[in-house]
Amino acid sequence: MVVEAPARGIRTHPLDPKYRNRHPKVEHRMTHESGGGRLVVDGLEKHYELDGAEVPVVKGVTFTIEPGTFTSLLGPSGCGKTTTLRCVAGLENSNGGEISLDGNVLSTGTRHISPDKRDIGMVFQNYAIWPHMTVFANAVFPLQVAAGKLPKKEARKRAMEALELVQLDSYAHRPATALSGGQQQRLALARALAHRPKLLLLDEPLSNLDAKLRDTMRNELRSLQQRLGITALYVTHDQSEALSMSDRVAVMNQGRIVQEAAPRDLYYQPADRFVADFVGRVNMIPAVVRGRDGDGDALVEAFGARLVTPCPDTFGTGADVTVTFRPESVRWHEVAPDRPNLLPARVVRVEFLGEIVEYEAEILSGQTAVGTIVGRGAPLNSPSLGDPIFIELTPQACRVLAA
Amino acid sequence: MKIATIIAGAVIFLLLAIPLAVQVITAFRGPFLPFGVSTAKWSVENFVTLWSLRDDFWAVLGSTAAFVGGSTVLSLLMAFGLAWVTVRTDAPLRRVISVLVVVPFIIPPIVKAQAYLLMLSPESGVLNQLLRLLPGDLVIDPYSFVTMTVIQALTNVTFPYLMIVPILTSMDGSLEESARVSGASWAKTLRRVTLPMLWPGLLGVAVLTFILGLGSLEVPLLFGQESGKSIFALKLWNLISAGAGELPQYGLAAAWGCVFLVITTIAFVIYLRATRNAERRASISGKGFRPTVMKLGAWKIPVMLAILVFVMLTAVLPLFALFWSAITPYPIAFSFEALVTQTQFGSFGAVLADPEFWASLGRTLVIAGGSATIACVAATVLAYGIARARRTGWTKAVDLFASSSVAIPAVIAGFAMFLTFMVINPVIPLAGTIVALIIAYSYRVSIAYRAGYSATLQIRMELEEAALVSGASPFEGFRRIVAPLLMPTVFAVWIQMFVLGTNEFTLPAFLATPESRPLSVYMYAMISPRSAQLYQPDQGAAMALIFTLLVFAIGYGLQWVVSLFAIGRAKRRNPIPGVGTADVVPPADPVAPDTRAVAAQDLEERRQLARR
Ligand SMILES: Nc1ncnc2c1ncn2[C@@H]1O[C@H](COP(=O)(O)OP(=O)(O)OP(=O)(O)O)[C@@H](O)[C@H]1O
Ligand SMILES: [Mg+2]
């Protein structure tokens, strides 16, 4: 169901009959009245000019974010994530394609609504907290400026509500510079939410925090987004962030979206080698399709051995393919059980990583090593260095991709 | 925003380009004014004349090079030594020294020059008196070329000092430490690591000091006139202040000006390269480090003695000489007998009772304040626009142009402004008015421009973008985010330009009439024997002292007020941190405190925490 989100005009609340200020019940009201917008980005193009030449940076990016959902843009450094986000925010003018929020066109290749009229909130990578203001002044700013001007009293109330959401209400009078990194982060969030935008944009907001804090903030951010039901577009290059927080993840590479899917699908059914490699760790085994068995699974030749794997019909016999296999799905045995996809191997590296152990085994064909497989498992159940073992690549965990 | 940038750019362009253009045109149009007189026509006659008098030309060039070059080298050496001692050594009383060294900065150069003249008087000068106490028959001749050069160096030394200190402070000590760890001695580290690292920055300082020296009229006017040595500044001055019955030779003077502009342009190019290199080598690491401190050990005593001599020469003795001159009716040597019998303090009263003193003081404040305001506003707006614009050939050109006034020596600026107001006088009668002086003083706009430019670069783009996505229009973003963040810099520059303006002598020497003259010129009239009716050396000296005191009070007073204001605001909006409740909402103050105040507040809080 598409929630019909109120226009930005909700902030002129005297005209809004539904509005009542029930201060302690912040979350409830925010959920109902902010509402998320539906963001549609269609064929977005952006190029920069460098020394007179046009360098394309975003090349036809298309995606839709349903109201109230959380989508991540995931990709390696320099792939154009920030640029995409800034085009949505209106901080860059796109060169082609259309961006619309709840049916209002924000940007075409030629006409652009300015950022202040877009009804968005944005959290910047380095927070962009205004150092010359107090915490409160930062949060109330969006409610004092032209686009969202509210009567003074009302503006105060809403700013305090936003601060309360991120548990900064007791710091309201502090200079904003007297906050810790995590607090500044939360203040940036409060400021982005204070005017109850339809869309929240976040550009790697957690990358400046230490690992522990990052985990905490990750959970807070996600639960806040769900409580408020706001639409969120989140940019990150950290796959664990993207997988853990998002409803949908769009993987970008070199200015294009290569796959958009729910986190699980992305992880287990990567569309191509790039996605498989970028999202999580993966073993890539070059192979050739040799035929089909009775269940429709393919028989492929890899490491001089035969492997059974599910395989799309598009790959005919003789096709070069890549078999991908996640390290945590690798199983090992001292004695070979009577199952398919067993490869003799020798352990060449064992690394203790705390909660897991990672090991690397050379696949043997006779006495010669023909390749390596990386596996991960519980510390108590790990092979020792130099052991001859059998590696099992369970057919259901194999995935065949184009070479 | 764009329109404001363009207007600011146009103001600065008119301010700098028109006078220079008028000067160049004058050089090519006739012996007198370039327009509105019958003799004006296009010709290269002035340059021909210049060439026919080439013996004179080479003499002036040579003595100017020796004078300005010598004094620049000397003041750089002194400034570097002082800065090194105050920043990089464990010399005792470093803080006191660093304050004392800056005192000469607030003594107007014309006052300093006059004080040296008094100090060096062969009979009654206090310095020569002191020298007579020493064995050997040492007397300093005030009108020798060397004396003049040394005095010029002493007069200008604070300027390079103030520029070198930040360079030394921001140097990353770890680079030197690594040289030391690799086994290099102190001396070797200095030679192989420190100096090469500092070199571009120091070269920039050297060029600016050189241009400052070339442009200042004070010392040549007081010392060179008698010594017969023709220094460029003085030459220009003499050419346009013609004797009775003669026409002043503006054309020839303009030709001279053109030649020297070429020289300073070359210096400016060197400066640009040097500072660009300085940026590339950027030795500022950004982390909170302290430069390593050199242990003076046995050198402590000679170093302290040298500093004592310096402070005596630049602050104590000049002020004393002025004071002595103010309390004695005519030049007499200091002695206790004279102190008892000859002194009278009437001159101070006479100055304070002199309505012309108050009038010219008022004009000084108006001119300095007005020009500082014009320069700061125009420069800041333009600097913001240029720093935020995409870098194209066009913005680079504007940037260069707006920075270029540092390349114009004050004498040339004064002369060119003078010509300009003469030329436009039939249409816009400004010549000799206070308005003309305000406009002329504003020519130092590049100081404010450079400061505004780098301050804008310090403000991260995201801060403005955050305002935009919060729904603020670009103008609101500028007013509420950028402007308050730029304010501390703008205030600091304003104060600096204001103090420079009150001290200014060279520009009004060319431009002011008795009706519009600021205090510095009025004072010069009192102490210069050639201005017959006004000549009253004791009143002049008293006025110089009062003047210095005023500049001091105003400069520091302003700074104090600004910092009080900022801290006060930070305090007011920050009642006991951490205990605010949701229903105590602070008043939304539209103007915010400056960042330094917030930082100070922050520091104080942390200190309190630490105490607990
Ligand atoms: N102003 C600019 N002018 C020219 N090129 C630019 C500009 N801004 C970004 N680029 C280029 O565009 C490309 C994409 O930049 P973008 O900032 O969108 O990357 P990103 O995906 O956000 O990377 P990261 O994860 O490192 O933040 C990069 O190759 C970058 O060099
Ligand atoms: Mg980025």
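These numbers come from a predicted model, not from an experiment. The sequence lines fix the lettering, A, B, ..., with proteins before strands; numbering per chain opens at 1.
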CZ of A:Phe141 to CD of B:Glu476: how many Å apart, nearest 0.5 Å?
6.5 Å
Looking only at A:Leu201, A:Ile129, A:Asn126, A:Val123, the option with the highest number of non-hydrogen pairs under 4.5 Å against chain B is A:Asn126
Using a cut-off of 6.0 Å, state whether more than 12 heavy atoms not belonging to B:Phe13 lie near its atom CZ.
no
Exercise: identify the closest heavy-atom pair between B:Ser473 and A:Asp116:
CA-OD2, 3.7 Å
Side chain to side chain, B:Met487 and A:His132, heavy atoms closer than 4.5 Å
no
Within-4.5 Å side-chain heavy-atom neighbours: B:Glu465 and A:Met122:
no
Atom CD of B:Glu462 and atom CH2 of A:Trp130: how far apart are they, to the nearest 0.5 Å?
12.5 Å
Quick one: which of A:Ala159, A:Ser114, A:Ala188, A:Ala128 has the most heavy-atom pairs under 4.5 Å with chain B, could you say?
A:Ala128
